[in-house]
2 protein chains.
Amino acid sequence: MDRLKKTTIQDIADYTDISIGTIDRVIHNRGKVSRIKKEKIEEAIRVLDFNPNLLARTLVLGKQYVICSLLPEAMTPEHYWSLPKRGVEQGAQNYRDFGIELDSRTYSLFDESSFVENAKAILERNPEGVILAPLFERESTWFIRQLEKRKIPYVFIDARISGHKNLSYIGPDVKASGYIAGKLLDPLLADGDAILIVNMVKGIGNSAHTGTIERGFRDFFKTAEGKPRRKIGAITIPSMDEREVVRELTKYYLRNPGTGGVFVTNSNAHLISKYHTDHELDIRVIGFDLVQGNIAEMKKGTIDFIISQRPIYQGTQAVRSLFDFFVNKKMPTSIQYVPLDIIIKESMDFYIRCQG
Amino acid sequence: MDRLKKTTIQDIADYTDISIGTIDRVIHNRGKVSRIKKEKIEEAIRVLDFNPNLLARTLVLGKQYVICSLLPEAMTPEHYWSLPKRGVEQGAQNYRDFGIELDSRTYSLFDESSFVENAKAILERNPEGVILAPLFERESTWFIRQLEKRKIPYVFIDARISGHKNLSYIGPDVKASGYIAGKLLDPLLADGDAILIVNMVKGIGNSAHTGTIERGFRDFFKTAEGKPRRKIGAITIPSMDEREVVRELTKYYLRNPGTGGVFVTNSNAHLISKYHTDHELDIRVIGFDLVQGNIAEMKKGTIDFIISQRPIYQGTQAVRSLFDFFVNKKMPTSIQYVPLDIIIKESMDFYIRCQG
DNA sequence: AAGAAAAGTGTGTACGAACACACTTTTAAC
DNA sequence: GTTAAAAGTGTGTTCGTACACACTTTTCTT
């Protein structure tokens with residue numbers, strides 16, 4: 001059969017009657033080549049549509065790219081932070097044969113020193129690139145200064161610190177996520193219903209982050225045209241302990257009857273919806289992230305909407321961006337907002353199964 | 001530096017003092033190898049964690065895999081069918097160096113014979129795999145019979161025909177998409193509001209398909225607990241000509257005042273929302289697919305929800321499934337439902353930018 | 001016990017690109 | 001007009017794997 005293979009350097013050589021050595025020099029713009037031959041070769045490359053075979057190139061160069069990732073630790077396998085981690089690992093796996101080697105590290109959200117320790121170990125290792133979720137602002141700032149000093153490129157995922165020379169931020173538009181939550185929750189409520197915003201702070205909470213979400217959420221209700229203003233309350237629960245949650249919620253609801261909907265600004269909506277079930281309250285709930293707890297509650301119908309920020313994709317995309325930067329010298333887009341997936345009970349399964 | 005490379009066959013050879021030829025035979029379970037050496041090698045593979053380098057393997061085998069895709073033609077570049085096509089092409093591009101070669105063909109939705117012609121050309125070409133959107137049921141049935149006779153594996157994308165030996169279906173759960181549309185539309189409406197379902201049939205419409213969507217949609221309103229029943233009307237517009245649309249809609253609305261929401265079962269919601277704007281009607285609209293027309297209308301706020309079935313991803317995933325089947329002999333999951341993305345004005349941009 | 005068949009093993013070449021090296025031709029210097 | 005530097009060019013080896021081929025050893029057969 002024809003089965004026409006791709007054109008190779010040898011094809012260019014045959015076509016132009018020039019050795020592959022010279023062609024190689026033209027391709028890499030290295031060494032001396034006469035103008036005549038150079039033009040002839042460049043034409044042949046166009047005419048025969050030559051594209052260097054990345055496989056062969058990778059193989060012969062034999063370069064290894066070490067990527068270190070530093071993400072928060074998932075306290076349980078069902079915890080949110082296990083997802084970006086899985087994404088990063090999956091991404092590294094995809095590019096394994098291309099020389100990508102991953103050193104995946106985690107730090108405790110309750111312990112800045114664990115961050116610093118791992119950061120130091122990463123600097124020690126002198127990797128080709130770093131993937132960082134910068135939840136500790138002070139320590140992260142210090143870390144990326146060190147990276148910049150050593151000219152090690154890094155990308156942020158899931159969160160970011162402004163004003164630094166990171167290659168890219170891959171994560172949600174946080175403010176938009178709050179706004180969207182507001183827009184989705186509102187039509188589920190009756191006219192007079194009030195709203196409660198629940199911030200849960202576990203470990204060292206990223207307060208700037210939750211603040212932005214809340215602002216986005218309130219923005220919706222400010223800008224909504226023609227809608228009656230709603231009463232919006234907010235509480236901050238400084239723990240994830242169940243008893244603590246129960247106590248704080250009870251305190252609030254006793255003082256604020258008429259709450260029709262709750263917006264949970266992190267991945268713990270399931271704690272709130274469980275409370276509602278236990279106390280036979282008919283209150284709408286919207287929260288973030290397809291973690292195990294939320295999945296179960298959503299299935300029961302006690303959570304109405306989950307907004308997901310493609311945590312796995314964030315990880316794979318981070319690796320892909322670094323790889324493209326290493327191999328193709330392609331600067332990634334500096335802000336890569338992930339889609340904010342709006343998920344309901346009926347569409348949940350599709351998201352769980354599609355690990356894209 | 002350490003920069004420890006991956007273990008290679010040669011490493012296994014050094015470790016076991018056996019030649020790479022024998023090791024190769026163990027890996028491929030071919031030829032004769034003594035039990036002693038075989039076990040020694042298998043142990044070394046485990047201990048040293050050997051994984052064959054896919055790049056080197058691909059390079060030496062030099063096999064080309066021709067994939068033919070047969071999708072409906074996009075009449076304009078903004079048309080829905082340009083998206084799965086782009087996905088397929090992008091996917092093929094990704095695996096180009098691995099020997100994937102794409103022959104991308106389209107057929108007219110108005111002309112069965114164009115389907116048959118292209119199908120014949122594909123059979124002629126005798127490709128390693130086929131990607132098919134089987135919108136013409138009769139002709140598709142004939143085609144896949146031919147493929148089965150020739151033992152050419154094929155995957156369906158976007159639509160499917162049951163009872164055949166396709167490798168995989170990659171597309172939406174059509175019924176669920178209707179149900180979800182119902183669930184999203186309902187809370188946007190006032191209590192007494194009625195609903196209109198618009199089916200537009202262009203070319204040879206896949207009537208089974210739209211029927212299923214409509215059934216899913218109505219199912220929501222049947223099973224919705226505690227909700228007052230809504231009046232649900234439906235019209236079928238046998239054309240996409242604007243004047244035709246205007247006439248049919250006017251006819252309906254004149255007879256059915258009190259319609260608060262419209263569900264458009266294909267990608268032409270923008271035609272309906274434009275009508276509403278022109279006639280100063282305040283009616284909610286939900287439809288499918290992020291095509292140019294819908295994007296513009298959504299931006300104006302005249303469409304409330306778009307449900308997207310990841311058309312680009314469908315294409316890339318189809319190629320990936322075939323590639324995995326060719327190279328890793330991995331049978332794909334037989335039904336790969338894509339996530340049904342629920343998109344609103346505020347989340348639209350993220351989806352447009354993220355071509356994942 | 002000889003010889004053939006079967007079982008078991010190692011070597012060499014190929015894939016496509018990169019690069020070191022060696023080699024030839026041109027140019028410049030005096 | 002000789003020589004050296006600069007410019008220009010081709011060859012050979014390498015990466016990790018697959019496979020054809022050649023080769024050695026063991027096992028049957030009669």
Side-chain angles (χ1 to χ4, degrees), chain A residues 3-42 44-45 48-65 95-101 326-329, chain B residues 3-42 44-45 48-65 95-99 326-329:
Chain A
R3 207 100 315 179
L4 45 130
K5 307 221 179 199
K6 299 285 309 165
T7 49
T8 70
I9 286 194
Q10 190 58 55
D11 295 333
I12 307 285
D14 295 345
Y15 183 87
T16 55
D17 264 322
I18 301 175
S19 82
I20 60 170
T22 304
I23 293 161
D24 181 73
R25 273 181 283 269
V26 171
I27 291 169
H28 294 91
N29 207 25
R30 128 181 80 225
K32 304 288 174 183
V33 178
S34 68
R35 233 167 49 92
I36 297 249
K37 294 208 174 181
K38 183 170 175 181
E39 279 165 9
K40 211 164 154 195
I41 289 168
E42 276 167 347
I45 288 178
L48 301 184
D49 184 31
F50 168 76
N51 288 91
N53 184 320
L54 184 57
L55 273 50
R57 168 178 291 174
T58 304
L59 203 57
V60 68
L61 288 182
K63 186 147 177 46
Q64 290 290 101
Y65 302 97
Y95 293 110
R96 195 178 50 91
D97 287 339
F98 288 97
I100 294 288
E101 191 194 330
F326 296 153
V327 173
N328 308 322
K329 277 123 187 57
Chain B
R3 209 98 315 178
L4 45 130
K5 308 220 179 199
K6 299 285 309 163
T7 48
T8 70
I9 287 193
Q10 189 58 56
D11 294 333
I12 306 285
D14 295 344
Y15 183 87
T16 56
D17 264 321
I18 302 174
S19 81
I20 60 169
T22 304
I23 293 162
D24 181 73
R25 273 181 283 268
V26 171
I27 291 170
H28 293 91
N29 206 25
R30 127 180 82 224
K32 303 289 174 181
V33 178
S34 70
R35 233 167 48 94
I36 295 252
K37 294 208 173 182
K38 183 169 177 187
E39 278 165 9
K40 211 164 153 192
I41 290 169
E42 277 167 347
I45 288 178
L48 301 184
D49 185 30
F50 167 76
N51 288 90
N53 185 320
L54 184 58
L55 274 50
R57 169 177 291 174
T58 304
L59 201 58
V60 67
L61 288 181
K63 186 149 176 46
Q64 290 290 100
Y65 301 96
Y95 293 110
R96 194 178 52 90
D97 287 338
F98 289 95
F326 295 154
V327 173
N328 308 321
K329 277 122 187 56

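Chain letters run A, B, ... following the sequence lines, proteins first and then strands; every chain starts at 1. No experiment lies behind these values; they were computed from the predicted model shown. Hydrogens, waters and symmetry mates play no part in the numbers below; they use all other heavy atoms, side chains included.
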Answer yes or no: is there a donor N or O on one side and an acceptor on the other, between the side chain of [X] and the main chain of [Y], under 3.5 Å?
X	Y	result
B/T22	B/I18	no
A/T7	A/L48	yes
A/D97	B/N53	no

Length of the [atom1]-[atom2] vector between [X] and [N], whole Å:
X	N	atom1	atom2	answer
A/Q64	D/dG16	CD	C1'	13 Å
B/R35	D/dT26	CZ	C1'	17 Å
B/H28	D/dG16	NE2	C1'	12 Å
B/R57	D/dT17	CZ	P	8 Å
B/N51	D/dT17	CG	C1'	14 Å
A/N53	D/dC15	CG	P	18 Å
A/L55	D/dC15	CG	C1'	12 Å
A/K63	D/dG16	NZ	P	15 Å

Which pair of heavy atoms, one from [X] and one from [Y], lies closest together, and at what distance?
X	Y	answer
A/V26	A/E42	CG1-CG, 4.1 Å
B/T16	B/I41	CG2-CA, 4.3 Å
B/P52	A/R96	O-NH2, 4.2 Å

Can you say whether the rings of A/F326 and A/Y65 are parallel (under 30°), tilted (30 to 60°) or perpendicular (over 60°)?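 A/F326 vs A/Y65 ring planes: parallel.
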Under 4.0 Å from any atom of DNA chain C, heavy atoms only: list the residues of residues 13-24 of chain B that qualify, in numerical order.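 Per residue number, the list reads B/I18, B/S19, B/G21, B/T22.
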Do A/I27 and A/F50 make a side-chain contact, defined as non-hydrogen atoms from C-beta onward lying under 4.5 Å apart?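 Yes, at least one pair of side-chain atoms sits under 4.5 Å.
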By the salt bridge (charged side-chain N to carboxylate O under 4.0 Å, His left out) test, which pairs, at least two apart or in different chains, include something from residues 10-28 of chain B?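 Passing the test, one end in residues 10-28 of chain B: B/D24-B/R30.
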If the condition is salt bridge (charged side-chain N to carboxylate O under 4.0 Å, His left out), which residues does A/E39 pass it with, not counting sequence neighbours?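 With sequence neighbours excluded, A/E39 shows a salt bridge (charged side-chain N to carboxylate O under 4.0 Å, His left out) to A/R35, given in chain and number order.
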In terms of the nearest nucleotide of DNA chain C, which residue is placed more toward the 5' end: A/R25 or A/Q10?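 The residue closer to the strand's 5' end, by nearest nucleotide, is A/Q10.
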For a 4.0 angstrom threshold against heavy atoms of chain B, report the outermost contacting nucleotides of DNA chain C in 5' to 3' order.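 For DNA chain C, the relevant span reads C/dA7 to C/dG16.
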Could you list the residues that satisfy side chain to side chain contact (heavy atoms under 4.5 Å, CB included) with B/I20, not counting sequence neighbours?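 If we apply the side chain to side chain contact (heavy atoms under 4.5 Å, CB included) test to B/I20, skipping adjacent residues, the hits are B/I9, B/Q10, B/A13.
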Is B/V33 touching bases, backbone alone, or none of the nucleic acid, heavy atoms closer than 4.0 Å?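 Sugar-phosphate contact only.
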Would you mind classifying the nucleic acid contact of A/R30 as base, sugar-phosphate or nothing, using non-hydrogen atoms under 4.0 angstrom?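 Sugar-phosphate, no base atom in range.
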When the C1' atoms of the five terminal pairs at each end define the local axes, what inter-axis angle does the helix from C/dA1-D/dT30 to C/dC30-D/dG1 show, to 10 degrees?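 Here the local axes at opposite ends form an angle of 50°.
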